[in-house]
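Here the structure comes first, spelled out in structure tokens, and everything after it is commentary.
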Amino acid sequence: MKKFHHYITIFASTTLLLSACSVGKKYTRQEIAMPENFKNSEVVLTSDTLQLSWRKFVQDPLLTSLIEKALSNNTDVNVALLNMQQLELAYKQSKKGLLPTADLSIGANRTWLSSNSLNGSLSDQFIGTPYMDDYSATLRLSWEADIWGKVKMQKEESMANFFGQKENLSALKTRLIVQVIQSYYNLIALDEQLKIAQKNVQLSDSTLNMIRLQYNSSLVSSLAVEQAEAQKKTAELLIPLAHQNMAVEENALSILCGGFPEGIQRTASLDDTIVGNGLATGVPAELLSRRPDVRAAEYAVVAATSRMGLAKAAMYPSISLTPSIGTNSIQFNKWFDLPGSIVKTIAGNIAQPIFQKGALKTNYEISVIEREKIALQFKQSVMVAVSEVSDALAKIKHTEQRLQLIHAKSNALAKATADASLLYKSGMANYLEVIAAQNNALQNDLERITVKREKLNAAIDLYRALGGGTDTLPPNTP
């Protein structure tokens, strides 16, 4: 018996010693040659900037209310929160990997034995019954020694998955905020297009009445009336189109906010909209800590590193210890007659994969390749992030230049339209010049709204490209 305990002591000591071993590779961020500055940035940028909260970026109370509703009610966000809860449970479970498993079994069975068998004749002789009862209750523990650090790697993978999902949730919220802002500004732009169309309908109607008077006086032909009517219809066609696009945009915005289609209250014009100005862009390297999608991509590399270590550990032997204690009796009234009914066992096992090793090695090689793929995707996400900031900076710069040119063009066309009407009334210009001037002014006004919306969208794109700021974090972070 002492010799048996000696072997158990040696077995336990060896297990504890081997538990210090680890085959997993510790994650280290790969070297990425980041540029010193963003393209299209004309100032020397500092690295002491912080994420900008959307509440500071958006300064319209109506829009703020819509964003709050979207963050609370949007279906995609709520699904992502449930995914967070699932991963949190998986992470908590991974922390219990070193604990032994225990199971309790209680059973009773009766066996009628053959009278011609040895067991049957002995049962009849010693027990006095043609059957044999067996009553047992056993508490069994099972513990696998974490020799190769598998529990640690499982914990690291679960933690990386959890925080990766947390970053995905932040990225989702940022995208949702951007979509709500853009949809809101699209509605305001459609309102302005409608106003321009209605204004041009009135102007075209005035021109048409003037030409009809001249036609009735035989000063112009019917062709002049028909072309003036066509110009009026051109402006009138914009009205139902604007209403149609408004309805579609309002429906889409309502769905983003987690509700059924309804009317959306909004600011009067694009000139009244206020978004965060002078966004501090910082340096490209900051995107590694700012952008939630970039951080999520890096967490994916961490998880893949842990899976690679687990695949490697699967090729090595596993050591387990299984003690048990219970009671056993052939008579019910002596089932728990202690200590006579007590039964104890202890077992130690070492398992080394042999014939499966080819498959296990292949799985490990696949995990190495998979990690390399995810690492490249992380690098790609960084490159895309830098490119998106540079794109947004270029759009902001050049849309401002276009707006200045359109403003100058608007002044010239407004004067041309007024002069054409005066010259036409005095007989110094024909009706085609009046119609052309009005049409050019109409197209320029529509283009002005489009470029103003592009400038706003460029500012929104820059906000998103820099990482945004949802200023709320998922609860119960482990």
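Ring orientation note: the planes of Tyr316 and Trp148 are tilted relative to one another, at an angle of 30° to 60°.
Considering only heavy atoms from C-beta on, Thr101 stays 4.5 Å or farther from Trp143 through its side chain.
In this structure, a donor-acceptor pair under 3.5 Å is absent between the side chains of Tyr91 and Asn161. Between the side chains of Thr207 and Gln438, at least one donor N or O sits under 3.5 Å from an acceptor N or O. Using modelled atom types, one finds no donor on one side chain facing an acceptor on the other under 3.5 Å when comparing Arg307 with Ser367. Residues Ser324 and Thr138 have side chains that never bring a donor and an acceptor to within less than 3.5 angstrom of each other. Checked by atom type, the side-chain pair Tyr184/Thr267 shows a donor-acceptor distance below 3.5 Å. For the 3.5 Å distance criterion, the side chains of Gln404 and His407 fail to qualify, holding no donor opposite an acceptor.
Listed for the Thr305 side chain is a donor-acceptor partner under 3.5 Å among the backbone atoms of Val301. Distance alone, capped at 3.5 Å, places no donor-acceptor pair between the Ser65 side chain and the Pro61 backbone. The closest donor-acceptor contact from the side chain of Ser206 to the backbone of Gln202 lies at 3.5 Å or more, if one exists at all.
Under 4.0 Å is where a charged nitrogen must lie from a carboxylate oxygen, and between Glu236 and Lys233 at least one such pair does. Using a cut-off of 4.0 Å between Lys/Arg side-chain N and Asp/Glu carboxylate O, Lys452 and Glu400 are scored as not salt-bridged. Taking 4.0 Å as the cut-off between side-chain N and carboxylate O, Lys195 and Glu192 do not count as a salt-bridged pair. The pair Asp146-Lys152 does not meet the salt-bridge criterion, since no charged nitrogen lies less than 4.0 angstrom from a carboxylate oxygen.
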What's the verdict on salt bridge (Lys or Arg N to Asp or Glu O under 4.0 Å) for Asp419 and Lys415, showing C-alpha distance, side-chain angles and the deciding distance? CA-CA 6 Å; Asp419 290 347; Lys415 187 174 185 305; 2.9 Å; yes

Applying side chain to side chain donor-acceptor pair (under 3.5 Å), run through Ser183 and Glu249 and close with a yes or a no. CA-CA 7 Å; Ser183 182; Glu249 197 70 50; 2.7 Å; yes

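A distance of 12.0 Å separates NZ in Lys312 from CD in Glu365, rounded to the nearest 0.5 Å. Atom SG in Cys257 sits 8.0 Å away from atom CD in Glu262 (nearest 0.5 Å). In this structure, Ile406 CD1 and Leu446 CG are separated by 11.0 Å, a value rounded to the nearest 0.5 Å. Note that CG of Leu71 and CG of Leu172 are 9.5 Å apart. Values are rounded to the nearest 0.5 Å. Atom NZ in Lys373 sits 8.5 Å away from atom CD1 in Ile369 (nearest 0.5 Å).
A search for salt bridge (Lys or Arg N to Asp or Glu O under 4.0 Å) contacts involving Glu388 returns Arg291, Arg464, not counting sequence neighbours.
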